[in-house]
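Notes to accompany the following structure.
Counting from 1, the numbers follow the sequence of the chain as shown.
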Amino acid sequence: MRTPFSAAILVCAALLSCPAARAQDYPGRPVKIIVPIASGASFDTASRLFAEKLREKWGQPVIVENRAGAGHNIGAEAVSRAAPDGHTLLFAPPPSLVINKSLFARLAYDPDAFAPISVILSTYNVLVVNPKVAAENVQQLIDFAKANPDRLNYASAGSGTTPHLAAELFKAMAGVRIVHIPYKGTSPAIMELMGGQVDVMFADIGLAHPHIRAGKLRLLAVASEKRSNTLPNVPAISEVLPGFLSVIWLGAVAPAGTPSAITHRISAAIAEVLKQPDIAKRLADMSFDAIGSTPEEMAQFMTQERERW
């Protein structure tokens with residue numbers, strides 16, 4: 001026979017075990033954000049900005065851990081194996097979330113199984129060359145590459161990354177042959193491009209812009225749908241190759257099975273951070289567009305992205 005005291009204990013246990021109750025107490029310990037790219041990249045910098053602001057909001061340590069390699073798969077696999085309680089998150093660009101399932105024959109994790117949280121922000125790639133390259137615009141680059149097949153080479157942050165796929169899309173649409181040289185991250189690739197070891201690269205505008213201003217890289221075009229408001233005098237690649245587009249974004253996901261109440265709590269916190277004036281200015285200075293979608297909006301967006309890739 002249950003006493004009133006034992007019944008009360010059962011009720012409390014049930015309340016504590018339900019997702020809503022767990023979400024109210026979230027986070028109950030330090031949160032780890034795994035970023036599947038090398039430190040120093042613009043998305044890594046943005047992730048660290050969010051980690052600091054979330055730490056202030058939650059009163060718990062929020063740690064960023066870089067797990068780069070294998071086309072972003074190492075970091076994504078680590079998160080897929082974590083407990084589904086919201087204390088291990090993945091902040092990642094498109095490859096590990098929507099591209100790699102089409103690119104790799106086998107993966108140790110299912111990208112479709114992650115619990116969506118938010119598409120945090122987006123930016124676009126730019127086409128840059130070393131100043132020694134004899135091309136002042138996209139058409140001249142295409143003409144030179146056609147006249148000299150396999151003479152030019154291009155750098156990427158690694159096989160399967162958006163700069164790699166943007167360059168392959170460019171080659172296919174332009175009908176040119178340019179040799180791929182993959183690096184372990186965007187920063188070493190740009191350093192080699194500035195040093196003249198490679199000729200061409202697609203890179204996100206935030207990381208490339210300081211080197212463009214310094215004259216160490218030549219900007220040929222933006223890979224956004226149309227000309228950028230911040231660079232109105234720079235042509236879009238689509239003006240020469242209609243339909244060309246290479247937009248990249250940073251998304252936050254959690255392990256499969258993470259309660260919806262927790263993913264919504266994190267999503268709302270990210271949206272609040274994006275509204276803070278200092279963060280808005282910092283992201284704008286890095287050429288990021290703030291998004292801050294809901295989990296439902298992110299799920300729909302990722303479905304569209306998977307189909308596109």
Heavy atoms of other groups near K171 NZ, more than 12 under 6.0 Å: yes
Taking the side chain as every heavy atom from C-beta outward, state whether L217 and V129 have any pair of such atoms under 4.5 Å apart. no
Please evaluate residues R151 and D199 with respect to the criterion side-chain contact (heavy atoms from CB on, under 4.5 Å), reporting the C-alpha separation (whole Å), side-chain torsions for both, the decisive distance (0.1 Å), and the verdict. CA-CA 10 Å; R151 179 174 171 181; D199 305 309; over 6 Å; no
Heavy atoms of I37 and N66 approach each other most closely as O-ND2, 2.9 Å
In terms of hydrophobic clusters joined by side-chain contacts under 4.5 Å, are V234 and I237 together? no
Salt-bridge present (E52, R48; N to O < 4.0 Å): no
With no hydrogens and no angle check, just 3.5 Å: does a side-chain donor-acceptor pair link H264 and E296? yes
Compare all side-chain heavy atoms of P111 with those of L97 and state whether any distance is below 4.5 angstrom. no
Smallest separation among heavy atoms of L141 and V133, with atom names: CD1-CG1, 4.3 Å
Side-chain donor-acceptor contact under 3.5 Å, S39 with D44: no
Considering only distance and modelled atom types, tabulate donor-acceptor pairs under 3.5 Å from the side chains of residues 269-276, sequence neighbours left out.
from	atom 1	to	atom 2	distance (Å)
E272	OE1	K57	NZ	2.8
Q276	OE1	K53	NZ	3.2

Please test V198 against Y183 for side-chain contact (heavy atoms from CB on, under 4.5 Å), starting from the C-alpha separation and ending with a verdict. CA-CA 11 Å; V198 285; Y183 289 87; 3.6 Å; yes
Pairwise distance CG(L90) to CD(E77) - rounded to 0.5 angstrom: 12.0 Å
How about M173: does its CE atom have over 12 heavy atoms from other parts shown lying under 6.0 Å from it? yes
Taking the basic N atoms (NZ, or NE/NH1/NH2) and the acidic carboxylate oxygens, is any pair closer than 4.0 Å for E239 and R227? yes
Distance from D289 atom CG to I120 atom CD1, nearest 0.5 Å? 14.0 Å
Please find the pair of heavy atoms, one from S96 and one from Y109, that lie closest to each other, and give the distance. O-OH, 3.1 Å
Under 6.0 Å between ring centres: does that hold for Y124 and F244? no
Dump the intermediate steps for salt bridge (Lys or Arg N to Asp or Glu O under 4.0 Å) on R282 and D278, then the final yes or no. CA-CA 6 Å; R282 184 73 184 275; D278 59 330; over 6 Å; no
Under a 4.5 Å side-chain heavy-atom rule over Ile, Leu, Val, Met, Phe, Trp and Tyr, are V98 and F301 clustered together? yes
H180 and S156: side chain donor to acceptor below 3.5 Å: yes
Looking only at heavy atoms, which two atoms of I266 and Y26 are closest? And how far apart? CD1-OH, 3.4 Å
T161 side-chain N/O to P95 backbone N/O, donor-acceptor pair under 3.5 Å: no
Same cluster (ILVMFWY, side-chain, under 4.5 Å), F170 and F144: yes
Measure the CG-OG distance between L207 and S287 for me, rounded to the nearest 0.5 Å. 10.5 Å
Does atom CD of Q140 have more than 12 heavy-atom neighbours, drawn from other residues, nucleotides or ligands, at distances under 6.0 Å? yes
Counting only N and O atoms by type, is there a donor-acceptor contact under 3.5 Å from the side chain of S228 to the main-chain atoms of S224? no
Decide yes or no for V31 and L54: does some side-chain heavy atom of the first lie under 4.5 Å from some side-chain heavy atom of the second? no
Before giving the answer on side-chain contact (heavy atoms from CB on, under 4.5 Å), spell out for I190 and M201 the whole-Å C-alpha distance, their side-chain angles and the decisive distance to 0.1 Å. CA-CA 8 Å; I190 285 185; M201 183 178 177; 3.8 Å; yes
Side-chain donor-acceptor pairs of residues 245-257 under 3.5 Å, sequence neighbours excluded:
from	atom 1	to	atom 2	distance (Å)
S246	OG	N125	ND2	2.7
W249	NE1	E305	OE1	2.9

With sequence neighbours excluded, tell me which residues meet ring pair (Phe, Tyr, Trp, His ring centres under 6.0 Å) with F43. F288
Looking at every non-hydrogen atom in both residues, tell me the closest pair between T294 and E297 and how far apart they are. N-OE1, 2.9 Å
Rounded to the nearest 0.5 angstrom, the CG-CD distance for L220 and Q139 is 12.0 Å
Are I74 and V79 connected, step by step, through hydrophobic side chains (Ile, Leu, Val, Met, Phe, Trp, Tyr) whose heavy atoms are closer than 4.5 Å? no
Distance col, row I63:CD1 vs T88:OG1, nearest 0.5 angstrom, shows 10.0 Å
Can you list the steps and then say if I205 with L231 is a side-chain contact (heavy atoms from CB on, under 4.5 Å)? CA-CA 10 Å; I205 180 60; L231 297 168; 3.8 Å; yes
What pair of heavy atoms forms the shortest contact from I34 to P36, and how long is it? O-CD, 3.9 Å
V200, V138: one ILVMFWY side-chain cluster at the under-4.5 Å cut-off? yes
Can you measure from CD (E192) to CD (Q197) and round to the nearest 0.5 angstrom? 4.5 Å
Carboxylate-amine/guanidinium contact D25 R265, below 4.0 Å: no
What I want to find out is whether D112 reaches R306 closely enough, with some N-O distance under 4.0 Å, to be called a salt bridge. yes
Taking atom types as modelled, find out whether Y154 and E168 have a side-chain donor-acceptor pair closer than 3.5 angstrom. yes
